[in-house]
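Naming convention: chains lettered A, B, ... in sequence-line order (proteins, then strands); numbering from 1 in each chain.
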Number of protein chains: 2
Amino acid sequence: MSGTSNDSQEQLKIHADILAKFFSGLSHPIRYRIVATLAEKEMTVNEIVNELGCSQSQISNHLACLKWCGYVSSRQEGRSAYYQVTDKRILDILELAKKVVADNAEHISSCTRM
Amino acid sequence: MSGTSNDSQEQLKIHADILAKFFSGLSHPIRYRIVATLAEKEMTVNEIVNELGCSQSQISNHLACLKWCGYVSSRQEGRSAYYQVTDKRILDILELAKKVVADNAEHISSCTRM
DNA sequence: AAATTATATCATGATATTATGATATATGCA
DNA sequence: TGCATATATCATAATATCATGATATAATTT
């Protein structure tokens, strides 16, 4: 007996957790801003802190998330950590999302269930 | 005197809330599965309930989120509500994300800070 | 070595999101 | 009209996420 119900749905279910987690990487304003800012050029933690005006702790914590999810990677240079966007396609996702959102921005921001 | 600090960062800050909220639309496994399932064809709430094996309340609630954020739209037919993906570009985002994720799926799922 | 700078980590309280079960609404049918 | 079906909404308890401040680590400078 193979798959009682729906095999493709089974597959989807397995991927869904990971994909949803991936998207939750961009689901926080500060994390989104970090990625969008790093789109331009790589930066140290301190530079990001100054650029975004958030606490060092906040930035480091969110960077940790983003690194886990593969959005950014870092290289150590002296006592500074330089972060950059890992994969150019991530910026494509951001661009696409901006276009889709453009039409119903007001609608989205008024959503209370999320 | 124009913008004391960074104007582009100001702009980014404004958009970030909306974009982050947009992405949080896909940041829940059930919502992700709904969108991915509707990618194939439009469906009624009941059909989604059966397909995903979740409660009607759960599905309706998540559909409400997705509708707010413009991911899906619905049309009423008799006493059924048919839902479909609003914008084809949303599916492009899903496809892109799948590709980016493919490389570091294990990494993502082990992330504990999110 | 001691002090400084840059970053990471962690505990905890505050806040936001989610699941659940109950209930409401609206349509179609007997 | 009364009942069944399909969907939406809501209150609340459970859970997850986040901000904050404190502390740890590690490299550099004095």
Side-chain angles (χ1 to χ4, degrees), chain A residues 13 16-18 20-34 38 42-69 71-84 108-114, chain B residues 13 16-18 20-35 37-38 42-69 71-84 108-114:
Chain A
K13 196 169 179 177
D17 288 339
I18 293 171
K21 206 159 192 173
F22 176 74
F23 282 116
S24 72
L26 295 174
S27 74
H28 188 287
I30 292 179
R31 287 197 298 270
Y32 175 84
R33 285 209 285 157
I34 290 174
L38 291 178
E42 70 167 12
M43 282 178 147
T44 68
V45 178
N46 241 327
E47 286 171 337
I48 301 171
V49 167
N50 292 327
E51 180 78 7
L52 302 204
C54 301
S55 75
Q56 180 266 317
S57 173
Q58 251 181 320
I59 297 295
S60 275
N61 271 311
H62 285 305
L63 278 171
C65 285
L66 290 170
K67 199 172 179 181
W68 270 111
C69 287
Y71 282 106
V72 303
S73 28
S74 65
R75 71 185 169 81
Q76 201 71 25
E77 193 177 311
R79 45 189 161 180
S80 294
Y82 284 83
Y83 280 83
Q84 64 273 147
I108 291 172
S109 57
S110 69
C111 172
T112 58
R113 307 192 80 83
M114 206 168 50
Chain B
K13 197 170 179 178
D17 287 338
I18 293 171
K21 206 158 193 174
F22 175 75
F23 282 115
S24 72
L26 295 174
S27 74
H28 188 287
I30 293 178
R31 286 197 296 270
Y32 174 84
R33 285 209 285 157
I34 290 174
V35 175
T37 301
L38 290 180
E42 68 166 11
M43 282 179 148
T44 68
V45 177
N46 239 327
E47 287 170 339
I48 300 171
V49 167
N50 293 324
E51 180 78 8
L52 303 202
C54 300
S55 74
Q56 179 266 317
S57 172
Q58 250 182 322
I59 297 297
S60 275
N61 270 312
H62 285 304
L63 278 172
C65 285
L66 290 170
K67 200 172 177 182
W68 270 110
C69 287
Y71 282 107
V72 303
S73 27
S74 64
R75 70 186 170 81
Q76 202 70 25
E77 193 178 311
R79 44 189 163 183
S80 295
Y82 285 83
Y83 281 83
Q84 63 273 147
I108 292 173
S109 57
S110 67
C111 172
T112 57
R113 308 191 79 82
M114 207 169 50

From [options], pick the nucleotide closest to the side chain of [X]?
X	options	result
B/S80	C/dA22, D/dA6, C/dT9	D/dA6
B/N46	D/dA6, C/dA8, D/dA8	D/dA6
B/Q58	C/dT20, D/dT7, C/dT7	C/dT20
A/R79	D/dC18, C/dT9, C/dA6	C/dA6
B/N61	C/dT7, D/dT9, C/dT9	D/dT9
B/H28	C/dT9, C/dT18, D/dA19	C/dT18
A/A81	D/dA8, C/dA19, C/dT7	C/dT7

Interatomic distance where [atom1] belongs to [X] and [atom2] belongs to [N] [whole Å]:
X	N	atom1	atom2	answer
B/F23	C/dA16	CZ	P	22 Å
B/D17	C/dA16	CG	P	13 Å
A/Q76	D/dA26	CD	P	11 Å
B/R75	C/dT27	CZ	C1'	16 Å
B/Y82	D/dA8	OH	P	13 Å
A/L52	D/dA19	CG	C1'	15 Å
A/I48	C/dT7	CD1	P	9 Å
B/L63	D/dT7	CG	C1'	10 Å

| query | Between B/Y71 and B/L26, is any pair of side-chain heavy atoms under 4.5 Å apart? | reply | yes

| query | Taking side chain as C-beta onward, heavy atoms only, is A/Q84 less than 4.5 Å from A/L38? | reply | no

| task | Name the nucleic acid region contacted by A/T44, choosing base, sugar-phosphate or nothing; use a 4.0 angstrom heavy-atom cut-off, strictly under. | result |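 It contacts sugar-phosphate atoms only.
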
| query | Base, sugar-phosphate, or nothing: which does B/Y83 touch, judged by heavy atoms less than 4.0 Å apart? | reply |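 Sugar-phosphate, no base atom in range.
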
| Relative to the 5' end of DNA chain D, which residue comes earlier, B/V45 or A/S57, by the nucleotide with the nearest heavy atom? |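 On the 5' side of the pair lies B/V45.
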
| query | D/dA19 phosphate, OP1 or OP2: any side-chain N/O from A/H62 under 4.0 angstrom? | reply | yes

| query | Any side-chain donor paired with an acceptor under 3.5 Å for B/K67 and B/S74? | reply | yes

| Going through the checks in order, is the side-chain contact (heavy atoms from CB on, under 4.5 Å) test met by A/R75 and A/E42? | CA-CA 10 Å; A/R75 71 185 169 81; A/E42 70 167 12; 2.4 Å; yes

| message | Taking donor-acceptor contacts at under 3.5 Å, does the side chain of B/Q56 reach the base of D/dA6? | response |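 Answer is no: no donor-acceptor pair is held.
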
| task | Can you label the angle between the A/H28 ring and the A/H62 ring as parallel, tilted or perpendicular, going by 30° and 60°? | result |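 Tilted: the ring planes of A/H28 and A/H62 meet at 30° to 60°.
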
